[in-house]
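Written below as structure tokens is the structure these notes are about.
As the structure is a computational prediction, the values presented were derived from the model and not from experiment.
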Amino acid sequence: MMRLKVLASAGALAALTALAGCASSPQTPYGKVAGDYAGVLPCADCSGISTQLQMRNDDDVAGTYELRSVREGKSDQVLVTRGNFLVLENAGPQQLPLVYQLKGADGNTIYNLRPLDDGNLLVLDNEMRTSQTGADMTLKRR
């Protein structure tokens, strides 16, 4: 009976040690960005593009997303895009430390997103630069 208690105690200690190790290990860029985001992005021929983005961390080395967009004042149709996202380091002409690049099913780039200190994502242009229009290009974490 004493031997069972010792084994049970050793098992519990091993489980706690494993959990503590997980908590102290650094989170990958895929895990950091996982979550839901929303915002209204500017639109040339409508009042704005209502955007909902869900990013998922598949296994700390890959990520997927689902993007839902509605062109406000133009259509009620929800456009759904799914795909993978890449983590780019030292990206673009400004050598941004981290950019998330959403890829469509055919490999085309949907959005380039720069993480902000507050947990939100800033939509960049095709050259990975901040928009100069002054429009709010932020997708806010929900």
- line: d(Gln54 CD, Tyr37 OH) to nearest 0.5 Å is 11.0 Å
- request: Enumerate the residue pairs fulfilling disulfide bond (SG atoms under 2.5 Å apart) with a member in residues 101-142, sequence neighbours excluded, ordered by first and then second residue.
  value: none
message: Just to verify, what does Ser75 make a side chain to side chain contact (heavy atoms under 4.5 Å, CB included) with, not counting sequence neighbours?
response: Gln77
task: Taking all non-hydrogen atoms of both residues into account, name the closest pair between Gly63 and Asp58 and its distance.
output: C-OD2, 3.8 Å
task: Treating Ile, Leu, Val, Met, Phe, Trp and Tyr as nodes and any side-chain heavy-atom pair under 4.5 angstrom as an edge, say whether Leu139 and Val40 lie in one connected cluster.
output: no
- prompt: About how many Å separate OG1 of Thr64 and CE of Met55, when rounded to the nearest 0.5 Å?
  reply: 9.0 Å
- request: Take atom CG of Asp118 as the centre, draw a 6.0 Å sphere, and report whether it contains more than 12 heavy atoms from other residues, nucleotides or ligands.
  value: yes
- request: Go through the steps for Val33 and Phe85 under the test side chain to side chain contact (heavy atoms under 4.5 Å, CB included), then give the verdict.
  value: CA-CA 11 Å; Val33 76; Phe85 67 88; 3.7 Å; yes
message: Nearest 0.5 Å, please: how far is CD in Gln94 from CE in Met128?
response: 11.0 Å
message: Ignoring hydrogens, what is the shortest heavy-atom contact between Pro115 and Tyr100? Give both atom names and the distance.
response: CG-CE1, 3.8 Å
Sequence-distant partners of Arg71, salt bridge (charged side-chain N to carboxylate O under 4.0 Å, His left out), two or more places apart: Asp45
- line: Across all chains, not counting sequence neighbours, the salt bridge (charged side-chain N to carboxylate O under 4.0 Å, His left out) partners of Arg142 are none
- line: Nearest heavy-atom approach of Pro42 to Ile49 is O-CD1, 3.8 Å
- request: Verify side chain to side chain contact (heavy atoms under 4.5 Å, CB included) between Val87 and Leu98, making sure each step is shown before the conclusion.
  value: CA-CA 7 Å; Val87 174; Leu98 192 64; 3.2 Å; yes
field: Validation row: Val123, Ser131 side chains within 4.5 angstrom (heavy atoms)
entry: no
- prompt: Looking at residues at least two apart in the chain, or sitting in another chain, which of them share a side chain to side chain donor-acceptor pair (under 3.5 Å) with Tyr65?
  reply: none
query: Distance from Asn112 atom CG to Leu121 atom CG, nearest 0.5 Å?
result: 11.5 Å
- prompt: Are the side chains of Tyr111 and Val99 in touch, meaning some heavy atoms are under 4.5 Å apart?
  reply: no
query: Which residue pairs satisfy the disulfide bond (SG atoms under 2.5 Å apart) criterion with at least one member in residues 76-142, sequence neighbours excluded?
result: none
- request: For Asn108, check side chain to side chain contact (heavy atoms under 4.5 Å, CB included) against everything at least two apart and list the hits.
  value: Asp106, Ile110
field: Leu96 side chain reached by Leu124 side chain, heavy atoms, under 4.5 Å
entry: yes
- request: Scan residues 78-93 for pairs that pass side chain to side chain donor-acceptor pair (under 3.5 Å), counting only residues two or more places apart or in two chains.
  value: Glu66-Arg82
message: Is the shortest side-chain heavy-atom distance between Leu53 and Asp36 below 4.5 Å?
response: no
message: Going by the rule salt bridge (charged side-chain N to carboxylate O under 4.0 Å, His left out), which residues pair with Arg56 if we only count those two or more places apart in sequence or in a different chain?
response: none
- request: To the nearest 0.5 Å, tell me how far Leu67 CG sits from Leu102 CG.
  value: 7.0 Å
query: Under the salt bridge (charged side-chain N to carboxylate O under 4.0 Å, His left out) test, which residues partner Asp136, sequence neighbours left out?
result: Lys140
query: Who are the side chain to side chain contact (heavy atoms under 4.5 Å, CB included) partners of Ser47, not counting sequence neighbours?
result: Glu72
- prompt: Any sub-3.5 Å donor-acceptor pair from Asn120's side-chain atoms to Thr138's backbone N or O?
  reply: no
- request: Please report the C-alpha distance between Thr109 and Lys103 in whole Å, then the side-chain angles of each, then the deciding distance to 0.1 Å, and finally whether the side chain to side chain contact (heavy atoms under 4.5 Å, CB included) criterion is met.
  value: CA-CA 5 Å; Thr109 299; Lys103 292 292 193 176; 2.9 Å; yes
Rounded distance [0.5 Å steps], OH in Tyr30 versus CG in Leu86: 6.0 Å
task: Applying side chain to side chain donor-acceptor pair (under 3.5 Å), name anything that partners Asp60, two or more places apart in sequence or on another chain.
output: Thr28, Asn57
